[in-house]
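Per chain, numbering begins at 1; letters A, B, ... match sequence-line order.
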Protein chains: 2
Amino acid sequence: MSGTNTGVPSLVDAPLAERVPVSEYAACPVTGLLHRLGDKWSLVTLVLLGGRPHRFNELHQRIEGVSQRMLTRTLRALESDGLVRRTVHPTVPPSVEYALTSPGQALLGPLSQVADWAVEHRTDARPTL
Amino acid sequence: MSGTNTGVPSLVDAPLAERVPVSEYAACPVTGLLHRLGDKWSLVTLVLLGGRPHRFNELHQRIEGVSQRMLTRTLRALESDGLVRRTVHPTVPPSVEYALTSPGQALLGPLSQVADWAVEHRTDARPTL
DNA sequence: CTGTATCCGTATAGATACTG
DNA sequence: CAGTATCTATACGGATACAG
């Protein structure tokens, strides 16, 4: 889709400077996003929430192997990135619901394209030896 | 995305003191890919090579701030993932050309979709907690 | 020119135990 | 139920020196 002009430079046909300055990629939003989503639990969390909202313990049970601490950290990070909305119901005991925001939902499409590529080209993470 | 891990490949004997560690993200190819591309230098390297092939020192000069060590590690990792092809011309002094493979080129399209989302939603790299 | 070898500081991930 | 606190292990990134 490199021909589609949205006013936003595309990765494919963007005219690149002779020299890429540090400031442009050190805080590159794309690299930052990939870095965030590339941690161990973010993607599976996003996909589960893409199906329907979940409570904390639901996620904890469905995501095999995740610790409470890591699940909390993952959800807080996704919330801070604006991908997930956290809703506390002041009941006793407390109930917290996590759901995708609208941008979060919108991200799943593009991510699917990358996922398709990954599956098609069998980009298993080989040991990088 | 299941947690089925077929086993950690053995760290076979290599006299190399420095070894790229086996990552924990082998379970999901998509997460593994995002994790790989989310490091500090992979994306800018891919984009530059998407424009045209480069020699080592060209990349070293155009990617401001990268050390020889990190550039080497980045290129080796991309090569191991099948995204980049490394061609050595046996001249004196040696000349090495790096270029995208066909799958590597094909990945830039899907990545652009994610990049568009990132720019549109201003997913700047915020501190992660 | 194209890398390796060593050493080092920091960031991230996880296990376990505890709590409002 | 939904988290924190503490502690540890390891991965990542960088500086510098050296080599084929």
Side-chain angles (χ1 to χ4, degrees), chain A residues 22 25-27 31-32 34-45 53-77 79-80 84 86-98 125 127-129, chain B residues 3 5 8 11 14-27 31-32 34-45 53-77 79 84 86-98 125-129:
Chain A
V22 186
Y25 59 68
T31 291
L34 295 180
H35 189 72
R36 279 280 308 104
L37 299 184
D39 70 7
K40 197 169 181 177
W41 309 108
S42 287
L43 190 63
V44 62
T45 303
H54 284 70
R55 296 178 57 177
F56 184 88
N57 261 14
E58 272 186 305
L59 290 172
H60 191 206
Q61 287 160 22
R62 292 190 67 184
I63 304 177
E64 188 182 328
V66 74
S67 65
Q68 285 184 324
R69 171 174 140 84
M70 289 315 296
L71 183 55
T72 299
R73 285 177 61 109
T74 300
L75 289 166
R76 291 284 192 274
E79 185 190 8
S80 148
V84 162
R86 177 173 180 268
T87 309
V88 182
H89 299 103
T91 58
V92 179
S95 152
V96 181
E97 185 186 74
Y98 292 94
T128 18
L129 284 179
Chain B
N5 193 342
V8 176
L11 284 184
L16 296 175
E18 177 170 296
R19 178 181 272 307
V20 180
V22 176
S23 123
E24 287 289 324
Y25 303 88
T31 291
L34 295 180
H35 187 72
R36 280 279 310 104
L37 298 183
D39 70 8
K40 196 168 181 179
W41 309 108
S42 287
L43 191 63
V44 61
T45 303
H54 283 71
R55 293 180 57 180
F56 183 89
N57 261 14
E58 273 186 305
L59 291 171
H60 191 207
Q61 287 160 22
R62 292 190 68 186
I63 305 176
E64 188 181 324
V66 74
S67 65
Q68 285 184 326
R69 173 174 129 85
M70 290 315 295
L71 182 55
T72 300
R73 285 176 60 115
T74 301
L75 289 166
R76 291 282 192 276
E79 186 190 6
V84 162
R86 177 175 180 265
T87 309
V88 181
H89 299 103
T91 59
V92 179
S95 152
V96 181
E97 186 187 73
Y98 293 93
R126 283 176 273 249
T128 317
L129 264 184

For this session: Would you please name every residue forming a salt bridge (charged side-chain N to carboxylate O under 4.0 Å, His left out) with B:Glu58, sequence neighbours left out?
Result: B:Arg52

Exercise. Is any side-chain N or O of A:Trp41 closer than 4.0 Å to OP1 or OP2 of C:dG14?
Worked result: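 For C:dG14, OP1/OP2 do have a side-chain N/O of A:Trp41 under 4.0 Å.
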
Problem set entry | Phosphate contact (D:dC12 OP1 or OP2) by B:Lys40 side-chain N/O below 4.0 Å | no

Which heavy atom of [X] sits nearest to which heavy atom of [Y], and what is that distance?
X	Y	value
A:Leu71	A:Phe56	CD2-O, 3.7 Å
A:Arg36	A:Ser42	O-OG, 3.5 Å
B:Gly38	A:His35	O-ND1, 2.9 Å
A:Tyr98	A:Arg76	OH-NH1, 3.5 Å
A:His60	A:Ser67	NE2-C, 4.1 Å

What integer distance in Å separates [X]:[atom1] from [N]:[atom2]?
X	N	atom1	atom2	value
B:Met70	C:dT10	CE	C1'	13 Å
A:Leu37	C:dT12	CG	P	14 Å
B:His89	D:dG20	NE2	C1'	19 Å
B:Arg73	D:dG14	CZ	P	11 Å
B:Asp39	C:dT12	CG	P	14 Å

Exercise. Angle, rounded to 10°, between the helical axes spanning five pairs at each terminus of the helix from C:dC1-D:dG20 to C:dG20-D:dC1?
Worked result: 50°

Expected rows: protein N/O vs nucleotides 1-3 of chain D N/O, under 3.5 Å:
unit_1	atom_1	unit_2	atom_2	d
D:dC1	OP2	A:Asn57	ND2	3.4
D:dC1	O3'	A:Arg55	NH2	3.1
D:dC1	O3'	A:Pro94	O	3.3
D:dA2	OP1	A:Arg55	NE	3.1
D:dA2	OP1	A:Arg55	NH2	3.3
D:dA2	OP1	A:Val96	N	3.0
D:dA2	OP2	A:Asn57	N	3.0
D:dG3	OP1	A:Arg76	NH2	3.3
D:dG3	OP1	A:Arg86	NE	3.4
D:dG3	OP1	A:Arg86	NH2	2.4
D:dG3	OP2	A:Tyr98	OH	2.5
D:dG3	N7	A:Gln68	OE1	2.9
D:dG3	N7	A:Gln68	NE2	3.2
D:dG3	O6	A:Gln68	OE1	2.4

How far does [atom1] of [X] sit from [atom2] of [Y], to the nearest 0.5 angstrom?
X	Y	atom1	atom2	answer
A:Thr45	A:His54	OG1	NE2	10.0 Å
B:Lys40	B:Arg73	NZ	CZ	13.5 Å
B:Met70	B:Ile63	CE	CD1	11.5 Å

For this session: Check whether the side chain of B:Arg69 and the base of D:dG13 form a donor-acceptor pair under 3.5 Å.
Result: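 It does, because a donor-acceptor pair links the side chain of B:Arg69 to the base of D:dG13 below 3.5 Å.
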
